[in-house]
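Structure first, commentary second.
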Amino acid sequence: MVSHPVHGLPFLPGTSFKDSTKTAFHRSQTLGYRNGYAVVRRPTVGIGGDRLQVNQLSQAELDELANKAPVLTYGQLKRAPPAEFIPAHVAFDKKVFLESQGIELNPPEKMALDPYTELRKQPLRKYVTPTDFDQLKQFLTFDKQVLRFYAIWDDTDSMFGECRTYIIHYYLMDDTVEILEVHERNDGRDPFPLLMNRQRMPKVLVENAKNFPQCVLEISDQEVLEWYTAKDFIVGKPLTMLGRTFFIYDCDPFTRQYYKEKFGISDLPRIDVSKKEPPPVKQELPPYNGYGLIEDSAQNCLALIPKAPKKDVIKMLMNDNKVLRYLAALESPIPEDKGRRFVLSYFLATDMISIFEPPVRNSGIIGGKYLGRTKVVKPDSSMENPIYYGPSDFFIGAVIEVFGHRFVILDSDDYVLKYMESNPAQFSPEALLSIQNHIRRRDTPALELDSQRTEKDPGTQELEVLIDTIQKQLKDHPCRDSIREAFRIYDTEASGYVDRETFFKICDSLHLPVDDSLIKELVRMCSHGDDKMDYSSFVRAFSH
């Protein structure tokens with residue numbers, strides 16, 4: 001028969017006691033052999049020979065009890081279920097049996113109260129006034145009713161900012177706001193539809209909610225004093241949302257009708273926000289430095305890689321190799337420049353001018369090219385709008401100013417008159433008449449002049465004999481063909497007379513034998529006064 005165990009202190013940390021006088025700690029033998037087989041024996045004593053907490057029966061007693069079965073008297077024996085094994089740490093859990101061990105305790109005392117625990121037990125007092133606003137009624141009444149506003153965000157004051165257009169939707173059913181971006185063709189932006197998703201927009205925040213982490217948490221009614229409503233969206237007034245100031249300039253017809261019925265506003269304006277393009281900035285060209293043409297220099301200011309200015313190809317083809325030549329004198333206060341003569345060539349294909357100075361022997365001035373082909377700007381024109389000399393500016397007596405030097409037109413070749421008569425629309429009548437009269441006076445036959453002189457002066461027969469003699473003597477002179485042209489260059493008035501100094505200068509440049517007795521006599525007879533020389537009679541002596 002199994003007896004109940006005697007319960008002592010639980011074998012737990014802090015509740016176990018060691019016997020300091022105990023020296024034996026061996027365990028009982030639990031293995032044995034019976035009939036050559038190993039069998040398990042239950043220990044009869046504990047460690048070190050201590051008494052076990054549970055009385056144990058011997059194996060023989062256990063066998064007897066197991067074989068005893070009064071089946072005939074009481075019927076089939078019903079075995080009782082084995083007692084449930086309860087560990088000591090479970091049996092003694094939350095139990096203190098100190099008096100059994102001779103320990104006396106003080107009477108129980110009340111536990112000290114925790115202020116925080118007591119505060120947690122008190123219910124929170126809330127003062128919420130129930131509202132009479134029916135949110136469901138608002139949803140059912142204003143469902144699918146949206147106010148549409150057209151607004152702009154002008155950010156041109158910041159660097160790379162611009163003025164962009166947006167559409168603002170205000171949903172009456174729940175007072176939420178949505179901002180849409182308006183994209184245009186080729187605006188250079190991604191076609192993202194929304195600037196701000198549909199949500200309620202706070203108008204005034206509480207003082208402590210300025211540092212509220214809005215980027216990670218949604219704003220509730222506790223952080224907002226006032227929300228945006230429909231009355232805040234007025235056409236013509238700015239509205240600040242998400243740190244951006246939107247200017248509402250228009251709305252749709254439904255919105256106008258809603259504001260008229262709800263707020264009594266019937267004159268919502270349509271504001272023109274289109275900005276006029278500023279006038280183009282006038283490009284000011286730097287001062288002309290004098291190198292090349294003005295058009296060529298301006299190309300360096302108009303483009304990074306300059307291109308040659310466009311040319312009138314048709315004009316170049318029609319006037320190719322057409323040149324107008326004029327004889328001109330340099331207008332200068334310097335005495336050495338008084339007798340200089342120049343040939344001005346005007347090229348009709350390119351409107352360019354070249355100047356050539358015929359060389360004169362012993363003049364002290366080296367002749368040759370005076371000015372290469374270039375366009376010459378008139379002195380009264382500006383560099384922004386240059387006006388160049390044209391064919392109509394050249395006539396007898398005209399003054400042509402070339403880079404600060406003034407040239408007076410004295411004569412022209414026969415092609416100039418032919419071209420002017422073929423194209424009278426390009427020239428003024430006065431210019432054409434001046435060329436015609438000059439050519440007519442220049443080409444008057446010298447024989448007619450001589451015949452008129454013979455009739456007036458009978459002494460000219462001696463001059464005619466002298467001229468005939470010199471012609472026979474100098475018939476092989478190399479300069480006989482260019483003598484008349486040389487005198488005409490210096491006879492600006494086509495009078496047939498030159499001064500004595502110019503006369504001998506021309507003779508010296510052409511190597512005329514003025515020291516010959518016949519030539520000296522001819523020079524004496526061609527003299528008129530102390531300073532004038534009749535070169536027409538002198539020239540006839542060297543012509544055919």
Side-chain angles (χ1 to χ4, degrees), residues 126-157 161-185 187 189 191-207 209-210 212 214 217-276:
K126 297 183 179 179
Y127 301 93
V128 179
T129 303
T131 179
D132 57 353
F133 176 73
D134 192 351
Q135 192 172 8
L136 178 60
K137 181 181 178 180
Q138 180 188 10
F139 175 80
L140 296 176
T141 304
F142 299 106
D143 186 24
K144 298 183 181 178
Q145 295 185 14
V146 182
L147 304 181
R148 174 176 292 183
F149 302 92
Y150 302 96
I152 60 171
W153 173 43
D154 192 355
D155 191 37
T156 55
D157 294 337
E162 58 183 348
C163 185
R164 301 179 60 183
T165 308
Y166 295 91
I167 296 178
I168 301 177
H169 287 160
Y170 184 87
Y171 294 86
L172 295 173
M173 57 176 294
D174 55 357
D175 298 327
T176 55
V177 182
E178 179 184 53
I179 303 179
L180 307 179
E181 293 188 2
V182 178
H183 294 278
E184 297 179 358
R185 185 180 180 88
D187 60 355
R189 297 184 177 275
F192 198 77
L194 293 176
L195 175 67
M196 184 190 75
N197 200 2
R198 180 178 173 181
Q199 58 182 295
R200 296 185 68 188
M201 285 302 301
K203 183 179 180 181
V204 180
L205 297 175
V206 297
E207 186 66 24
K210 293 184 178 180
F212 186 80
Q214 303 179 14
L217 295 178
E218 294 183 358
I219 297 179
S220 62
D221 293 336
Q222 297 180 359
E223 290 82 20
V224 180
L225 293 178
E226 184 180 357
W227 299 89
Y228 274 108
T229 58
K231 64 180 180 181
D232 298 319
F233 294 82
I234 303 298
V235 176
K237 294 184 178 179
L239 195 68
T240 302
M241 293 184 296
L242 300 178
R244 305 185 185 188
T245 301
F246 297 90
F247 180 78
I248 301 176
Y249 65 90
D250 199 2
C251 60
D252 62 353
F254 172 77
T255 305
R256 295 180 183 275
Q257 184 65 26
Y258 177 82
Y259 273 79
K260 182 178 181 181
E261 297 176 356
K262 182 70 175 178
F263 304 106
I265 303 176
S266 59
D267 55 349
L268 290 177
R270 290 183 176 89
I271 302 175
D272 185 13
V273 294
S274 59
K275 293 186 178 180
K276 297 182 179 179

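Model, not experiment: these values are computed from the prediction.
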Does Ile265 form a side-chain contact (heavy atoms from CB on, under 4.5 Å) with Ile234? I'd like the steps, not just the answer.
CA-CA 10 Å; Ile265 303 176; Ile234 303 298; 4.2 Å; yes

Assess the residue pair Asp174 and Phe142 against the criterion (side-chain contact (heavy atoms from CB on, under 4.5 Å)); give the C-alpha distance rounded to whole Å, side-chain angles, the decisive distance to 0.1 Å, and a yes or no.
CA-CA 8 Å; Asp174 55 357; Phe142 299 106; over 6 Å; no

Stepwise side-chain contact (heavy atoms from CB on, under 4.5 Å) check, Leu242 with Met201:
CA-CA 9 Å; Leu242 300 178; Met201 285 302 301; 4.1 Å; yes

For Asp155 and Arg244, run salt bridge (Lys or Arg N to Asp or Glu O under 4.0 Å): C-alpha distance rounded to whole Å, both residues' side-chain angles, the deciding distance at 0.1 Å, then the answer.
CA-CA 9 Å; Asp155 191 37; Arg244 305 185 185 188; over 6 Å; no

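The shortest distance between side-chain heavy atoms of Thr176 and Glu178 does not fall below 4.5 Å. Two residues are said to be in side-chain contact when any heavy atoms from C-beta on lie closer than 4.5 Å; Ile167 and Val182 meet this criterion. Annotation: side chain of Leu147 is in contact with side chain of Phe254 (closest heavy-atom distance under 4.5 Å). Taking 4.5 Å as the limit, some side-chain heavy atom of Tyr258 sits within range of a side-chain heavy atom of Phe263. Between Trp153 and Thr165, the closest side-chain pair of non-hydrogen atoms is not below 4.5 Å. Residues Lys203 and Thr240 fail the side-chain proximity criterion, which asks for heavy atoms closer than 4.5 Å.
The distance from the CG atom of Asp187 to the CD atom of Glu181 is 9.0 Å, given to the nearest 0.5 Å. Phe247 CZ to Leu239 CG: the interatomic distance, rounded to the nearest 0.5 Å, is 11.5 Å. Between atom CG of residue Asp175 and atom CZ of residue Arg200 there is a gap of 6.0 Å, rounded to the nearest 0.5 Å. Between the CD atom in Glu261 and the OG atom in Ser266 there is a gap of 11.5 Å [rounded to 0.5 Å]. The distance from the CG atom of Leu268 to the CD atom of Gln257 is 11.0 Å, given to the nearest 0.5 Å.
Side chain of Tyr259 to backbone of Ala230: a donor-acceptor contact under 3.5 angstrom is found. Remark: side-chain polar atoms of Asp143 are not paired, donor with acceptor, to backbone N or O of Leu140 under 3.5 angstrom. At distances below 3.5 Å, at least one donor-acceptor pair connects side-chain atoms of Gln138 with backbone N or O atoms of Leu172.
Minimum heavy-atom separation, Ile179 to Ile168: CG1-CG1, 4.4 Å. Met196 and Val177 make their closest contact through CE-O, 3.3 Å (heavy atoms, listed as atom of the first residue, atom of the second, distance). The nearest pair of heavy atoms linking Cys251 to Arg256 is SG-CG, 3.4 Å. Nearest heavy-atom pair across Leu180 and His169 is CD1-CE1, 3.4 Å. Of all heavy-atom pairs spanning Ile271 and Gly236, the tightest one is CD1-CA, 3.3 Å. For the residue pair Lys137 and Thr141, the shortest heavy atom distance occurs at O-OG1, 2.7 Å.
Here Tyr228 pairs with nothing under the side chain to side chain donor-acceptor pair (under 3.5 Å) rule; sequence neighbours left out. By the side chain to side chain donor-acceptor pair (under 3.5 Å) test, Asp252 pairs with Thr255, sequence neighbours left out.
Only one option out of Tyr166, Phe233, Phe149 pairs with Phe246 in a ring-ring contact (aromatic ring centres under 6.0 Å, His included); it is Tyr166.
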